[in-house]
2 protein chains.
Amino acid sequence: MTAADIGGRLTELALERRRERSSAADVAAAVLRDLILEGALPPGSRVSEEAFIGPLEVSRNTLREAFRLLTHERLLVHKLNRGVFVRRLDAADVKDLFQVRRLIECSALLSAGKAGVPTLSAAVEVGERAAAAGRWVDVGTANLRFHQAIAGLVGSRRIDELMHQVAAELRLGFHEMGDPKAFHESYLTRNRGIVHTLAAGDAMRAESQLRAYLNDAEYEMLDIIGRR
Amino acid sequence: MTAADIGGRLTELALERRRERSSAADVAAAVLRDLILEGALPPGSRVSEEAFIGPLEVSRNTLREAFRLLTHERLLVHKLNRGVFVRRLDAADVKDLFQVRRLIECSALLSAGKAGVPTLSAAVEVGERAAAAGRWVDVGTANLRFHQAIAGLVGSRRIDELMHQVAAELRLGFHEMGDPKAFHESYLTRNRGIVHTLAAGDAMRAESQLRAYLNDAEYEMLDIIGRR
DNA sequence: GCTTGTCATATTGTTCAACAATCCTCAAAC
DNA sequence: GTTTGAGGATTGTTGAACAATATGACAAGC
């Protein structure tokens, strides 16, 4: 992670700021968010005010506001008097995240039933196209999007935001897990299977398949993160 | 809402700060949060930096950090270049909040079944005691706590935080609804009924009762807020 | 009387410098 | 090897200053 990385990102986002009337704190937060989510700022690393005011071209106060934004998004963790760090998921986090997912995704899928098929089918296809092109990071992203789409069947803004947050936190976990192909590859066919079952009218069986997927993904993630 | 109100609150919270190692921004946010939740800062009212730095005894920059905290909690809404306001729930907010509640509370109740009875029974009792003493604001608080306890049966930190947030937002709505007795009184017996049904082993019927309650509460709240 | 334009003011957004407070590291003493 | 103290780095906060934005008041024109 170099100042040059941030510099380039800043240019893009400065344009976006002009378009979207964002504040400087929002822009700085957006740059940091991107860097965290792509793994350029690894989990556990320190994000010191002094080191980032230059590349982000903001004052310390503005950067502190940006930090507040990102700590609430759980991407950063703020330790009073000791600074701000990129969050590192622990086993309890992983368990909780999957608990949330089971509660929401399974309930949403059951409630939506067949009506959810077009949306979910489209979401699976995105992943299948990325896999066909060997873009495994994109497959991971598409997988997360598929699952967000399940929760999105509820049609609730707050649930969408929660699941967006959950997805972001999961990505922190993925950065510690290495090879995206190994993790996401098998799940594509499972996602397709869930959609098929749903399309066949068996919402309860689809829900069971989804639950089984979530349990397996949790187990796999805990296997690595719990072993750290 | 006077400066004296804030002054007294500040003294309490200054003590708490010493105990809990909170930052000044956290303390300021806590004072404002309390004022908002008790209705001393009514929904829609402006919270200007200049007016609050004195009573809160912080600098503008620190206050801005506090605002960031509270906007993320949805208690304040930040309008770029125009200031910060206490959030005012609209009809769409109400609908979304109840959608979240239905998804989470109903699913949690179904999953917990009889195992949830002791916790929920205790929560109902708190409300019943408050009602017996005619403390209707406390009844409202106990009612919210009962419903948070349902969601708490999941045992997920993130779900608890979400429902804590939902409860805070609902309180904003209650401030616009007038008489707490009228709103909360009938719900006590309904809560007791839900717990009885659950204790009798009929989780599905308890879930239906809960869903019906949520639908009625939503309807009632929308009747007032939608009419504004 | 109504509309438009200008100007002044209030407020927000941000920067910067300074100081206080806290934490961490390293060296010295035991 | 352990403990203690000093120094430096960093964070937390304050306050002043300036830039930017929005709003309101007032005057001029129709």
Side-chain angles (χ1 to χ4, degrees), chain A residues 1 3 6-7 10-11 13-32 41 44-72 75-88, chain B residues 1 3 6-7 9-11 13-32 41 44-72 75-87:
Chain A
M1 207 296 295
I6 297 186
L10 188 59
T11 306
L13 285 164
L15 294 178
E16 192 176 325
R17 172 188 177 187
R18 263 188 236 122
R19 220 171 28 239
E20 304 193 353
R21 296 171 49 86
S22 305
S23 66
D26 290 331
V27 172
V31 172
L32 288 172
L41 290 179
S45 60
R46 177 193 211 105
V47 188
S48 82
E49 299 175 359
E50 201 56 47
F52 281 83
I53 51 175
L56 287 170
E57 296 183 11
V58 289
S59 74
R60 273 185 62 212
N61 290 114
T62 302
L63 185 55
R64 291 180 65 83
E65 285 193 44
F67 285 163
R68 290 285 184 181
L69 291 173
L70 293 173
T71 55
H72 214 110
L75 296 179
L76 295 180
V77 57
H78 176 253
K79 297 178 182 179
L80 186 62
N81 292 322
R82 294 174 55 195
V84 168
F85 302 81
V86 179
R87 185 181 288 276
R88 198 172 192 201
Chain B
M1 207 296 293
I6 297 187
R9 192 60 49 81
L10 188 59
T11 308
L13 285 165
L15 296 177
E16 191 176 326
R17 171 187 177 189
R18 262 187 238 123
R19 219 171 28 238
E20 302 194 355
R21 297 171 49 88
S22 305
S23 66
D26 290 332
V27 172
V31 171
L32 289 172
L41 290 181
S45 60
R46 176 192 211 105
V47 189
S48 82
E49 299 174 0
E50 201 56 47
F52 281 83
I53 51 176
L56 288 170
E57 296 181 11
V58 288
S59 75
R60 271 185 64 211
N61 289 117
T62 303
L63 185 55
R64 292 181 62 83
E65 287 194 42
F67 286 162
R68 291 285 183 177
L69 291 173
L70 293 173
T71 54
H72 216 107
L75 295 180
L76 295 181
V77 58
H78 176 254
K79 298 178 183 179
L80 187 63
N81 290 323
R82 296 175 55 193
V84 169
F85 302 82
V86 180
R87 185 182 288 277

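Letters A, B, ... are given to chains in the order of the sequence lines, protein chains preceding strands, and every chain is numbered from 1.
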With rounding to the nearest 0.5 Å, note down the distance linking [atom1] in [X] to [atom2] in [Y].
X: A:Arg82; Y: A:Arg46; atom1: CZ; atom2: CZ; result: 8.0 Å
X: A:Ser22; Y: B:Leu80; atom1: OG; atom2: CG; result: 8.0 Å
X: B:Leu32; Y: B:Leu70; atom1: CG; atom2: CG; result: 6.0 Å
X: A:Thr62; Y: B:Arg64; atom1: OG1; atom2: CZ; result: 7.5 Å
X: B:Arg68; Y: A:Leu69; atom1: CZ; atom2: CG; result: 4.5 Å

Separation of atom [atom1] in [X] from atom [atom2] in [N], rounded to whole Å:
X: A:Glu49; N: D:dT13; atom1: CD; atom2: C1'; answer: 11 Å
X: B:Lys79; N: C:dT12; atom1: NZ; atom2: P; answer: 13 Å
X: A:Phe85; N: D:dT11; atom1: CZ; atom2: C1'; answer: 11 Å
X: B:Glu65; N: D:dT11; atom1: CD; atom2: P; answer: 13 Å
X: B:Arg82; N: D:dA22; atom1: CZ; atom2: P; answer: 8 Å
X: A:Arg60; N: D:dT10; atom1: CZ; atom2: C1'; answer: 8 Å
X: B:Leu63; N: D:dT14; atom1: CG; atom2: C1'; answer: 13 Å
X: A:Arg64; N: C:dT15; atom1: CZ; atom2: P; answer: 15 Å

Quiz prompt | Nearest-nucleotide 5' precedence on DNA chain D, A:Asn61 against A:Gly83 | solution = A:Gly83

Report the nucleotide, chosen from [options], that has the shortest atom-to-atom distance to any side-chain atom of [X].
X: B:Leu80; options: C:dG13, C:dT14, D:dT10; result: C:dG13
X: B:Asn81; options: D:dA22, C:dT15, C:dT22; result: D:dA22
X: A:Ser23; options: D:dT10, C:dG13, C:dT11; result: C:dG13

Quiz prompt | Any B:Thr62 side-chain N or O less than 4.0 Å from OP1/OP2 of D:dT14 | solution = yes

Quiz item: Are B:His78 and C:dG13 close enough that a side-chain N or O sits under 4.0 Å from OP1 or OP2?
Solution: yes

Exercise. Pick base, sugar-phosphate or nothing for A:Val84, based on heavy-atom distances below 4.0 Å to the nucleic acid.
Key: nothing

